[in-house]
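Worksheet for the structure shown next.
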Amino acid sequence: MTSMAEPKEKAIQEKKAVLPGKSNFSEWYNELLLMAEIMDVRYPVKGLYVWFPFGFDVRKRTYAIIRELLDKDHKEALFPLLIPENEFMKEAEHIKGFENEVYWVTHGGKNELDVKLALRPTSETAIYPMYKVWVRSHADLPIKIYQIVNTFRYETKHTRPLIRLREITSFKEAHTVHATWDEAAKQVEEATRIYQEFYRRLAIPTIVSKRPEWDKFPGADYTMAVDTLMPDNKTLQIGTAHHLGSNFAKTFDIKYEDINGEQVLAHQTCYGISERSIAALISIHGDDKGLVFPPEVAPTQVVVIPIIFGKSDDVVTACRDVARRLKESGIRVELDESDERPGAKYYKWEMKGVPLRVEIGPRDLKNNVATIVRRDTGSKDTAPLNDIEIEIKKRFEMVHDSLYEKAVKSLEGRLIDCSTLDEVKEKIPTGIAKIPWCGERDCGLSMEEAVGAGILGIPEGKLGTGNGTCPVCGKVTSNIAIMAKTY
RNA sequence: GGGGUCGUAGGGUAGCCUGGUCCAUCCUUCAUGCUUGGGGUGCAUGAGACCUGAGUUCAAAUCUCAGCGACCCCA
């Protein structure tokens, strides 16, 4: 079996394919996180991971977009990590939803605490006792506050970096208070609009749908969710917005005095996004060569690579000049003057997802141009050195748009019309199944049971409307539900 | 919730079944020097590992148990 040639051939193969192919998504994902230095998955506690400086840079830039969008009419604040047991246990539904996942602090040093402290799995019960104090008059409303914090959930299922964590390190949660139910409902709409804009900036296509009754946030009137579709055809919930009605207001006694001097229960919403957004960013755009970033969030937007033959002082000078000019025009640029061969440099920066690569060699210099290579398509062209800044910025937009277009197509190509549950079951490994659903709880639960996958909900807009009959009760309906395997 | 596979340098692996030949294989990585430079340059020298704990044994990477951790499948 073993020939002399075999080890050598194998070695060559391994060298070419440092990263497992993306078709093997799970392996690709884990390896990429480590190789591209997003997260170190080797921290010795289950479900906890380390952000590398490079990954953290991506996180910072991604979260800068959320902040920018929210800061228009929200205020950022910070509430404590520890929640006393008595506050945490106030809302019955809420407890049911989270109590099996809560970490408890029971001791201070060697002394047992009189009141146990929960590590927040989410912050409603940390924030709302304060809202009770803050909300006095209708003039105090609306309140729109968000915070970006870590939260803890004792996950018993399979944990996965950025996707299912025991410490969510980047939980952006907004909590608003309104006078009326309708006003709160409008805020939920606004939240999903903001989230869609956020994901548009990341070139990630999304589907917004109302979660079925049995899958809503514990303690909410209803839940709107933002989902995207991952390369392995499972959906990832990457944002939620909950209408809390006055459920929590009742529990936490959040009331305001209206114009007529009456004490009225407030209405609330909360909505959140986590580092799952970054999981989606990496997974949707990445390829067999590594990361692919939209320019806006790429830690390095352009890498300049000198093509040197012997002593090419003029090439080096030209590269330094280009790098300096790009930097001066606000572009995040790296000049790779290291002692490696150009090919090795290409692979290295491709792994890191740098959107554009600028090569300058003697040939380019003679023509007074630079060669520009796009990370997303691999396409190569040249641009005059004189206008390099403009040419680069032009391409940034092109890269973003074509990333988004490609992602949209990929998602749309995996939306599958179905009319029977057998069909759903058969097609679901290949994407998201669309199926008529009357909207009744019993029918929905039987559908999930029969298919072995979840109902995400009835999507907003035309995706969620059509004609058909509910596969369980046979009632005619214009509701189209989407079903998928979920993370 | 149920079932399965696995844990060897920074990463990927061989060795484990049948204990001793292992101060542990190969690739990659890293360090130094020369060489090379439009898609992973070549050579030389060097660095780096048996998950943790207990047990069986004259002897454990190898067998047993427990813990921790990773992955896969089903519900």
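Protein chains get the first letters and strands the later ones, always in sequence-line order, with residue 1 at the start of each.
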Parallel, tilted or perpendicular, as decided by the 30° and 60° cut-offs, for the rings of A:His242 and A:Phe217: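 A:Phe217 and A:His242: parallel rings.
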
Parallel, tilted or perpendicular: rings of A:Tyr404 and A:His400 (30°, 60°):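 Correct class here is parallel.
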
A:Arg42 side-chain N/O to B:A70 phosphate OP1/OP2 under 4.0 Å: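 No, outside the criterion.
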
N/O (side chain, A:Ser26) to phosphate O (OP1/OP2, B:C71) under 4.0 Å: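 For B:C71, OP1/OP2 do not have a side-chain N/O of A:Ser26 under 4.0 Å.
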
Nearest-Å distance once atom [atom1] is located in both [N] and [M]:
N	M	atom1	value
B:G46	B:G38	C1'	33 Å
B:C74	B:A66	C1'	27 Å
B:A47	B:G40	P	30 Å

Options B:A70, B:G39, B:A75, nucleotide nearest the side-chain atoms of A:Tyr346: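 Of B:A70, B:G39, B:A75, B:G39 is nearest to the side chain of A:Tyr346.
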
Selected nucleotide, minimal atom distance to A:His158 side chain, candidates B:C72, B:G1, B:G38: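 Of the options given, the side chain of A:His158 lies nearest B:C72.
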
A:Val226: which of A:Val208, A:Ile204, A:Ile207 passes side chain to side chain contact (heavy atoms under 4.5 Å, CB included):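 The single option meeting the side chain to side chain contact (heavy atoms under 4.5 Å, CB included) with A:Val226 is A:Val208.
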
A:Tyr346 six-ring centre to A:Arg357 NZ/CZ under 6.0 Å and within 45° of normal: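 A:Arg357 over A:Tyr346 ring: yes.
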
Watson-Crick or G-U wobble mate for B:U32, both contacts under 3.5 Å: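 B:A44 - that is the nucleotide pairing with B:U32, both distances being under 3.5 Å.
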
